[in-house]
Amino acid sequence: MKKGDHLFLVDGSGYIFRAYHALPPLTRKSDGLPVGAVSGFCNMLWKLMLDARNTEAGVVPTHFAVIFDYSSKTFRNELYPEYKANRSAPPEDLIPQFGLIRQATKAFELPCIEMEGFEADDLIATYARLACEAGGDTTIVSSDKDLMQLVGPSVSMYDPMKDRQINIPEVIEKWGVPPEKMIDLQALTGDSVDNVPGVPGIGPKTAAQLLEQFGDLDTLLARASEIKQDKRRQSIIDNAEKARISRELVRLKIDVPVADGLEDFVLQPPNGPKLIGFLKTMEFTSLTRRVAEATGTEAGEIEAAPVSVQWGADAHGPDVGAGAIPAAAPAAATAARANGGSTAAAVPSSAPSDSGTALDTPTDLANKIAAAAVSEKFDHAAYVTIRDLATLKAWVAEATEAGVVAFDTETSSLDPMQAELVGISFATAPGRAAYVPLAHKSGRGDLLGGGLVENQIPVRDALAVLKPLLEDGSVLKIAQNLKYDLVVMNRHGVDIRPFDDTMLLSYVLDGGTNGGHGMDPLSEKWLGHTPIAFKDIAGSGKNFVGFDQVDIDKATAYAAEDADVTLRLWRVLKPRLAAKGLTSVYERLERPLVPVLAEMEQRGISVDRQILSRLSGELAQGAARLEDEINTLAGERFNIGSPKQLGDILFGRMGLPGGTKTKTGQWSTSAQVLEDLAAEGHELPRKIVDWRQLTKLKSTYTDALPGFINPETKRVHTSYALAATTTGRLSSSDPNLQNIPIRTAEGRKIRTAFIADKGNKLISADYSQIELRVLAHVADIAQLKQAFADGVDIHAMTASEMFSVPVEGMPSEVRRRAKAINFGIIYGISAFGLANQLSIPREEASDYIKKYFERFPGIRAYMDETKAFCRDTGYVETIFGRRIHYPEIRSSNPSVRAFNERASINARLQGTAADIIRRAMIRMDDALVAAKLSARMLLQVHDELIFETIESEVAATIPVVRHVMENAAMPAASMSVPLHVDANAADSWDEAH
DNA sequence: ACAGAAGCTTA
DNA sequence: GTAAGCTTCTGTT
C-alpha cells in the first residue's frame, strides 16, 4: 500500500445486527429461510463496489476487506469478566444469516477477516493504523460509536444505511468531543449493551462537559473534588476505578498480530458468475439482474450455487464444519415454478385462497404462489400497446377466460373528482400486460395546442368494450387502491365488481409494520423489484407534466408494469390472508367499505363561499389589530409567525422568565408556555396566542376551503384514506374534514359554512364515549359496565369512586381530574402525561393513577395482559380480529418500549371503535334504502357520521341511523355495554352537532 | 423545490 | 399519555 491508496474496512458484524433490526424481515420465497440481513448486506456491498469504479464519486477504494467478530470471548473478558455478560443470544432468525453473510463476502471476492480473541473493532483499528503508516487513507464502513475514536485526518467513517460520512466535525457534533476524547467519554458513560460499567449517573452530555472542563479522564479523576454538584462529585470519586477499567475496555487494540497484510486486500474486479450464483441461491432477483447487467453476464445460464446453512447456536463462529446442510433452494424453487407460475395457461381460474387442496397447508401454498409471482422476470419490452378495438376485444376475452385481471387507470390528476381518463392498463398473468392509451395529447409547444395523439381508441368506444368486463361477476378485478379508480370509472358510468385491492390486503396483513402500503414499497418488499417511478416519466416540481403529455411508449412501460406488479402482489398477498386467519377482517371491514367511501367522496358537501369569505375578512381585521399591538408591545416589527424570532424577542430581548426548554435548543413558544406567561401577568403572550388562533383559522380553513369547491359539482369532495392509520381509523385529506374546529366559539363559526342544500337538512349522529365503552367491555369492568347501563355521568362516577365524593354537588374540578384520568387510560396512561395534562406534580399524578388502579384493578390487569400479548406475538387485536403490529414492542430502549406499550393499549380500543363505525357505514346505505329513505352519508369523523336528507324525512331517518350505529357490533361481537348515539338535524354542521 | 421542525386543528 | 393532516418558517438542495 502506498500514498494515495484508499482502504475500505467494512464492519461486517456491526452491519449484521443493524441491518437485522433496521430492515423489514425478509425470507427466501421458496423455503422461508430468513435472509433480510443478507439482502441488506449484499445490496450495500454492491453499491460500494459500483462507487468503487465510479471515479466521479471522489473516494475510490484500492483495498477492501470485510471484518467480523470471531466469537464473544476476547481478551477483554480477562480484564473484566462481566464484559458483554448480559448480552442475550441473537434472535433465532438471525443465526443462519451469520454464515450466509460470510459466504456473501466471499462471493464478492472480498477478504473475509476474523481472528480468535479479538473483536472486529480491534482488527479494524489495527488495519487502519497500518494503512495510515503506509501513507494511505481509510474509510471504515460502520456507524458504531465504538469506532469513532479512530476518526482522524486519514481515517473517516461511512454510515451505509444513512449514506452519511462521519469525519471529525460529525463526531464532535454528535458527542460534543473530538475523536481522540471518545475513549475517555465512553469510559465515563459506560455502555449498557456491552456491560461496560462507566460512572453511574454520567451520560454523554455530562461526560462531554466534564472533559471540556478538565481536559481528559486522568485530570478529571485527579481533580474530582473540584466538581460542584454533590451527587456527581461523589459518584466520580466512588467509581474512579470503574472508569479506568472502562477506559481499557473501550480502547481499541491497534497492534493485533494480524495474519493477513494490506497487500492481501487489493480490490479485485467482481467475478460475475460466482456472485450471480450466490445471489440466485438467495433469490435476490432484483440484485441478480443488476449485477448481471453491470458485469455483462447472462444470468439465465448460471446455476444457483450451493450454500451451507447453520441454524445452530455455534453459527457465530467461522462457517466451516459442523452441521452444514445443502440449501433446499434450487429444487424448491423449480417445483414452485412448475406448480403454477409461468404463463397464462397456468393461471388459476379462481382466487388462490379457494384453490388450496388437502395436500397444501395454507403456508405452503402461500410460499409456492409467492415464488411463482416473483420468479417471472419484468420485461418492459414485452408489454403491449393496444391501439385498436379488435386487439382490445381479444384482451378482454383473454381476461374473461383467465377469470382474474389486474387493472389500473392513468389520469391527468391526483384528484379523482377532477381527473380525466388518459389510459387503462391491465395484466392477465405475470409478465403479460397491456396498456390502452385513450387521451394522450401532443406536446404543449405544438401549435395544435394539445390535440389528441393519433391511433388511440376513443374513450367512449373503449369503455363500451371494457364495461362488461369490469362489471362481469365472474371475473375478479384486482387493483392497488381501487377506490381511486372506482371514483374515476363511476364518473364514466362504469362500476367495478367483484374486486380485490392489494393495498387493503397489505394493510390487513401487515398493518403497523414498517413500510407503507403503496405499490412501490410493496413491490420492493414482496417482488424485489423497483417499478418505474412516476416522477421519472412525468417529472416533478416545475418539470411536472400531466400523464396525458407522457410519450405513449413510456406510458406503456409504466402503466402496464403497474398492472403487472399489482397482479403479482395479489398472488403473493391473497393466499396469506387465509393462512393468517384474516379473511374476515378483509372481507367484512375493508373491501365493502371501498364503494361506500367512493360514493361519499363523490357526493361531497356544500360549503358556503360567502360565509367563509366574510369570516376571512373578520379574521384578517382581528389579526391586523393584534399585529399592531404586538409590534408596539415588542418595540419592533418582526415576523410573529416565526417561533425563532418570537423566542428571541420574548426570552432574549425582553428577558421574560426562563421559557421552557426545546428539542433543538430553541426557546419553546408553544401555547402552553405562552399561557403560563400570560397567567403571570405579561400582556404580550396572550396576544400572540390570540393572533395565532386567528391566523390559523384564516389560512387553514376560511382561505383554503373555497379552493376545494369543485367547479362542476360546486361541492367539496374530501378524500378518505383506508390504509393510512395504524389503528384502523380512516384519515381525510384534500381537504381534511376531520379537523374542522369546534372547541372555541371563533373556530366553531367555520362549521356554519358547511350547509345542506335548499330543502335539505344535515344530520349529525355521533357515538357517545365509544372508546370508554369499548374499554368497559374489553377489560370487563363491572362498575363501568353498570354505569353505562344506567346511563350515568361516567366521569362523575369515576371521581366519586376514586375520591369518595358524592356525585351530587361535586366540584367541577374533581370531575375534570377524573375525566383526564379516563382519557389517560385510553391513551395508555403515564404519570408524566397525566401531570402535564392537569398541570400538577408528577408525584401527585402518580398517586391518582395508583388510586385509580386500586378502585379498578381490572383495568391494570387489562393493560398488563395487553402488553404481555403484544410482547409475545408482536401485535394486538381488536374484538373483530384486526391485527395491529408493534415490531418495536421488544426494543431495548425503555422509552421506545414504553411508547409502544401505550400505543398497543390504545390501539385495541381505538381500533375496535374504528371497526364498529366501519361496520355501521357498510350497512347504512342498505338500511336507508330498505326504509325507503333518501338520506345519504356525506362525512365520517371517527365517531360521527354526517348525512344529508330532504327536510320531510329527517324525523324518520334519525331512528334508522341510530339503530344501525348502535347495533353495529352485532352479530360478530356481542357488546356487554350498550352503545349510545346522539343525533341532531339542522341547516348547518354547527347547529346539527 | 423539498424536508423537517414547530405549532395547531380534530377524535 | 393515543391517532391523524395542514401551514408556516427555516435551512438545505
Side-chain angles (χ1 to χ4, degrees), chain A residues 511-512 535 539-544 638-647 662-674 688-689 691-701 703-705 707-708 718-721 724-744 746-748 750-751 766-772 775 820-838 842 845 848-849 863 876 884 886 895 898-911 913-914 917 939-944 993:
Chain A
K535 66 174 195 315
S540 66
K542 67 173 180 170
N543 296 318
F544 175 79
F638 70 106
N639 185 347
I640 306 167
S642 161
K644 191 170 176 289
Q645 292 181 33
L646 177 62
T662 46
K663 190 175 152 197
T664 55
Q666 289 293 331
W667 294 109
S668 167
T669 65
S670 65
Q672 180 66 61
V673 170
L674 298 181
I688 305 275
V689 170
W691 179 87
R692 278 189 183 159
Q693 194 201 174
L694 299 189
T695 52
K696 173 81 177 176
L697 292 173
K698 183 170 184 299
S699 68
T700 308
Y701 302 104
D703 290 354
L705 278 173
F708 285 101
T718 184
S719 172
Y720 287 105
T725 70
T726 45
T727 55
R729 274 189 178 182
L730 303 179
S731 78
S732 155
S733 64
D734 309 298
N736 180 354
L737 295 186
Q738 291 181 324
N739 72 346
I740 302 301
I742 191 166
R743 283 196 228 277
T744 66
E746 278 293 295
R748 243 192 124 114
I750 309 279
R751 293 192 171 218
D766 68 300
Y767 284 106
S768 150
Q769 309 282 11
I770 187 167
E771 290 181 5
L772 270 180
L775 172 71
I821 294 169
N822 276 334
F823 272 96
I825 296 294
I826 292 170
Y827 297 152
I829 208 147
S830 76
F832 182 86
L834 184 62
N836 253 348
Q837 177 66 34
L838 290 174
R842 187 146 14 139
Y848 283 175
I849 295 169
M863 294 175 102
V876 292
I884 300 142
Y886 288 95
S895 69
F899 175 80
N900 278 273
E901 289 171 353
R902 290 194 298 272
S904 66
I905 288 165
N906 174 255
R908 277 181 85 183
L909 308 175
Q910 193 185 107
I917 197 167
L939 304 175
Q940 189 250 41
V941 192
H942 307 309
D943 64 0
E944 174 188 15
H993 189 82

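Order of the sequence lines fixes the chain letters, A, B, ..., with proteins taken first and strands second; residue numbering starts at 1 for each chain.
- Atom-to-atom distance recorded for A/Arg751:CZ and A/His993:NE2 is 6.0 Å, nearest 0.5 angstrom.
- Within the 4.0 angstrom heavy-atom criterion, base atoms lie near A/Ala820.
- Counting to the nearest Å, the C1' atom of C/dT2 and the CG atom of A/Leu775 are 13 Å from each other.
- Among the atoms of the strands shown, none is found under 4.0 Å from any heavy atom of A/Phe823.
- When the C1' atom of B/dA5 is taken as reference, atom CG of A/Leu646 falls 15 Å away, rounded to whole Å.
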Exercise for the section: Using a 4.0 Å cut-off on protein heavy atoms (strictly under), produce a 5'-to-3' string for nucleotides 6-11 of chain B with B for base contact, S for backbone-only sugar-phosphate contact, and - for none. Expected result: SBBBBB
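- Between A/Leu909 and A/Glu771 the shortest heavy-atom distance is O-CG, 4.3 Å.
- One can place OH of A/Tyr720 at 13 Å from C1' of C/dA4, the figure rounded to the nearest angstrom.
- Heavy atoms of A/Thr695 sit nowhere under 4.0 angstrom from any nucleic acid atom.
- Residue contacts shown for A/Ala831 are absent, as no nucleic acid heavy atom lies under 4.0 Å away.
- When the side-chain nitrogen and oxygen atoms of A/Ser642 are compared with OP1 and OP2 of C/dT10, one or more of them lie within a distance under 4.0 Å.
- Atoms CZ (A/Arg908) and P (C/dA3) sit 16 Å apart, rounded to a whole Å.
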Practice task
Let me see the working for A/Tyr701 and A/Asn739 under side-chain contact (heavy atoms from CB on, under 4.5 Å), right down to the final yes or no.
Solution key: CA-CA 10 Å; A/Tyr701 302 104; A/Asn739 72 346; 3.6 Å; yes
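- Between A/Met863 atom CE and C/dT2 atom P there is a gap of 11 Å when expressed in whole angstrom units.
- Results of the side chain to side chain contact (heavy atoms under 4.5 Å, CB included) test with A/Ser904 over A/Thr726, A/Val876, A/Ile884 single out A/Val876 as the only residue that passes.
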Practice task
Could you give me the CA-CA distance, side-chain angles and deciding distance for A/Arg692 and A/Leu646, then say whether side-chain contact (heavy atoms from CB on, under 4.5 Å) is met?
Solution key: CA-CA 12 Å; A/Arg692 278 189 183 159; A/Leu646 177 62; 3.5 Å; yes
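- Contacts of A/Ile826 with the nucleic acid, taken as non-hydrogen atoms under 4.0 Å apart, are absent.
- Backbone-only engagement by A/Gly641 is indicated by non-hydrogen atom pairs under 4.0 Å involving sugar-phosphate atoms exclusively.
- When atom types are taken as modelled, the side chain of A/Asn906 and the backbone of A/Ile826 share a donor-acceptor pair closer than 3.5 angstrom.
- Taking NE2 from A/His942 and CD1 from A/Ile770, the interatomic distance works out to 12.5 Å, rounded to the nearest 0.5 Å.
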